[in-house]
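I have placed the structure first, in the form of structure tokens, so that the comments after it can refer back to it.
Protein chains get the first letters and strands the later ones, always in sequence-line order, with residue 1 at the start of each. Values reported hereafter were calculated over all heavy atoms of this structure, with side chains retained and with hydrogens, waters and symmetry mates removed.
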Protein chains: 2
Amino acid sequence: MTDFIKFCNKLSPLNQESVNDLLNNLKTKTYQKGDLLLKDGTVCKHLYFINQGLVKTFFYKKDKEFIMRFFPENVMFSILESYLTQTPSKFMIMALEPTIVTFIHQNDMEQLCTKHHCIETLFRKLLSIASLNMMKRISIMLEDNATERYNKFVTENNKLLQRISLGDLASYIGITQVSLSRIRAIK
Amino acid sequence: MTDFIKFCNKLSPLNQESVNDLLNNLKTKTYQKGDLLLKDGTVCKHLYFINQGLVKTFFYKKDKEFIMRFFPENVMFSILESYLTQTPSKFMIMALEPTIVTFIHQNDMEQLCTKHHCIETLFRKLLSIASLNMMKRISIMLEDNATERYNKFVTENNKLLQRISLGDLASYIGITQVSLSRIRAIK
DNA sequence: ATGACTATTTATCATTTGTTAAAAGATAGT
DNA sequence: ACTATCTTTTAACAAATGATAAATAGTCAT
């Protein structure tokens, strides 16, 4: 739980009262590899901080899987599409490793944003980071072909690479696993 | 200027004092078709509201152009990559039609976010919308091929379609103009 | 209307990526 | 060590998209 607070405080300073209010609303849960933190069709009610482990957010089109993003330890995440609108999610969240998350309920977070200006500021910073990440992703998908996207991922996520299967990486990059295998073979 | 306030108030209610503070910091400017609102390599200092007209945000890789997004009248926009970090922009903003924008300086907006909780809330809502839009864009780029992306754009942006050139639409979809022409011919 | 310029279409060929199937390699449980 | 299962690689062919060039259509200034 304290890592959650540390992370927040680093991003945007919180006063003592807001820290206490946050702490009072945090819960922690453990998941095994393969467990779903969120099933599609359900509303994402939580904002998560990942203490340990790795998750992927993804969705299916027909029987094909597409990965939106990987989240390793020490970052915050949620399914914004569902969390922000409180509508059923198109996306799912799955633990790729034994994972421990600390989370806060959307209702509580919303109230705390209203109550504490500094928490609203924190949330704004979180959304800023998410926006920057997604913007980067979009520009990469536009300007780079599969090989370049793969190389970029490798250099920028070197440490994650060993923890992600080839199939998952391919789904993230936006190609088939067979294509990615071929790309790797050519180098 | 008042359309700016109307838009904001609709998104997130503002008290009178914050409205006044906003109004005192707004400026309005007119651009001709083809004018740049922002050149790449410069820092995006403003958050814009578009009263009239149409702009595109885009970038170059070598001599190829890629379009991030179109913004028509009555929406807010900026180059978040640069605005949020106050670093030189990879992206440019160009008017595709005679365009009138009302805008606020990043310094001023930041101060107002600190001064008025309700303006911070407004900004959070703006970032939420941007995040949802980008999330949708990413999932479309993952799951849909060029033909599907084109069809989706046509049905969802029917009114914009007549105002955007084929080449620009292709750059947005992420294919060459020649490919898009072929896709349209097949239907 | 004319000419100059720009945008769009069409055609051809090259390259990339998808699809399917089979083989090879890795992992976990017994 | 052995099977069963899952992951990754390899191969052959199909489909989609890119690159280039030429033809057609549309736009704008005079």
Side-chain angles (χ1 to χ4, degrees), chain A residues 32-36 54 56 58-67 70 94-98 137-154 157 160-187, chain B residues 32-36 54 56 58-67 70 94-98 137-154 157 160-187:
Chain A
Q32 294 312 307
K33 180 175 174 174
D35 285 354
L36 288 180
L54 179 66
K56 65 176 174 184
F58 64 105
F59 66 100
Y60 286 108
K61 181 184 185 172
K62 299 184 184 169
D63 56 343
K64 262 185 281 183
E65 178 184 320
F66 299 93
I67 293 183
F70 302 102
M94 180 184 282
L96 295 180
E97 300 174 357
R137 178 91 180 274
I138 291 170
S139 76
I140 285 176
M141 294 179 91
L142 284 174
E143 70 182 318
D144 294 339
N145 65 20
T147 304
E148 294 168 327
R149 295 203 297 278
Y150 169 72
N151 288 331
K152 215 167 258 188
F153 187 92
V154 169
N157 303 81
L160 271 188
L161 209 59
Q162 293 82 357
R163 300 161 69 182
I164 297 173
S165 76
L166 185 76
D168 276 352
L169 182 48
S171 303
Y172 176 81
I173 289 176
I175 57 177
T176 63
Q177 171 213 32
V178 177
S179 288
L180 181 52
S181 183
R182 173 168 42 198
I183 285 170
R184 293 212 296 189
I186 289 170
K187 295 202 62 178
Chain B
Q32 294 311 307
K33 180 175 175 174
D35 285 355
L36 288 180
L54 178 67
K56 65 176 175 185
F58 65 104
F59 66 101
Y60 287 106
K61 179 181 187 174
K62 297 183 185 170
D63 55 343
K64 263 188 278 181
E65 178 184 321
F66 299 93
I67 293 182
F70 301 102
M94 181 185 281
L96 296 179
E97 300 174 358
R137 177 91 179 275
I138 291 169
S139 76
I140 285 176
M141 291 179 93
L142 285 174
E143 72 182 317
D144 294 338
N145 64 20
T147 305
E148 294 167 327
R149 295 203 296 280
Y150 169 71
N151 289 330
K152 216 166 257 189
F153 187 92
V154 169
N157 303 82
L160 271 189
L161 208 59
Q162 293 81 0
R163 299 161 69 184
I164 297 173
S165 76
L166 185 75
D168 276 352
L169 182 48
S171 303
Y172 176 81
I173 289 175
I175 56 176
T176 62
Q177 170 210 33
V178 177
S179 289
L180 181 51
S181 183
R182 174 168 42 200
I183 285 171
R184 294 211 296 189
I186 289 170
K187 296 202 63 179

Between B/K64 and D/dA19, is there a contact of a side-chain N or O with OP1 or OP2 at under 4.0 Å?
yes

Atom CZ of B/R184 and atom P of C/dT8: how far apart are they, to the nearest Å?
7 Å

Return the set of residues passing side-chain hydrogen bond (donor to acceptor under 3.5 Å, both in side chains) with B/D144 (not counting sequence neighbours), or none when no residue passes.
A/K61, B/K152

d(CD1, B/I186; P, C/dT9) in whole Å:
13 Å

Which residues in residues 160-174 of chain A have at least one heavy atom lying under 4.0 Å from any atom of DNA chain D?
A/S165, A/L166, A/G167

Mind calculating the distance between CG (A/L180) and C1' (C/dT17) to the nearest angstrom?
12 Å

Is there a side-chain contact between B/I183 and B/I175 (heavy atoms, below 4.5 Å)?
yes

Rounding to 10°, can you tell me the angle the first-five-pair axis of the helix from C/dA1-D/dT30 to C/dT30-D/dA1 makes with its last-five-pair axis?
50°

Please report the distance, rounded to the nearest Å, between CD in B/E148 and C1' in D/dA15.
14 Å

Does OP1 or OP2 of D/dG18 have a side-chain N or O of B/S179 closer than 4.0 Å?
yes

Taken to the nearest whole Å, NZ/A/K61 to P/C/dG18 is 13 Å

Worked verdict on B/R137 versus A/L142 for side-chain contact (heavy atoms from CB on, under 4.5 Å)
CA-CA 11 Å; B/R137 177 91 179 275; A/L142 284 174; 3.7 Å; yes

Find the distance A/L96:CG to D/dT7:P and express it as a whole number of Å.
12 Å

Distance check, rounded to the nearest 0.5 Å: A/F153 atom CZ versus A/L180 atom CG?
10.5 Å

For B/L36, give me all partners under side-chain contact (heavy atoms from CB on, under 4.5 Å), at least two apart in sequence or on another chain.
B/K39, B/F58, B/M92, B/M94

Distances under 3.5 Å between nitrogen or oxygen atoms of protein and nucleotides 10-14 of chain C:
none

Between D/dT9 (P) and A/I183 (CD1): distance, integer Å
12 Å

Please identify each residue that fulfils side-chain hydrogen bond (donor to acceptor under 3.5 Å, both in side chains) with B/Q177, with sequence neighbours left out.
none

What is the separation between atom CD on B/Q177 and atom P on D/dA19, rounded to the nearest whole Å?
12 Å

From the list D/dA19, C/dT17, D/dT17, which nucleotide is the closest neighbour of the side chain of A/I175?
C/dT17

B/Q32 to B/A95 - nearest heavy-atom pair and separation
O-CB, 3.5 Å

Does A/K33 have any side-chain hydrogen bond (donor to acceptor under 3.5 Å, both in side chains) partners at least two apart in sequence or in another chain, and if so, which?
none

Once you measure the plane-to-plane angle for B/F70 and B/Y172, does it fall in the parallel (<30°), tilted (30-60°) or perpendicular (>60°) bin?
tilted

A/S181 to A/L166 - nearest heavy-atom pair and separation:
CB-CD2, 4.0 Å

Please identify each residue that fulfils side-chain hydrogen bond (donor to acceptor under 3.5 Å, both in side chains) with B/T176, with sequence neighbours left out.
B/S179

Nucleotide by nucleotide, nucleotides 22-30 of chain D touches protein heavy atoms under 4.0 Å in the pattern (B base, S sugar-phosphate only, - none) ---------

Report yes if the side chains of A/E148 and A/N145 come closer than 4.5 Å at any heavy-atom pair, otherwise no.
yes

Partners meeting ring pair (Phe, Tyr, Trp, His ring centres under 6.0 Å) with B/F66 (sequence neighbours left out):
B/F59

For residues 165-179 of chain B, which residue pairs qualify under salt bridge (charged side-chain N to carboxylate O under 4.0 Å, His left out), counting only residues two or more places apart or in two chains?
B/K56-B/D168

C/dG18 phosphate, OP1 or OP2, under 4.0 Å from A/T176 side-chain N/O
yes

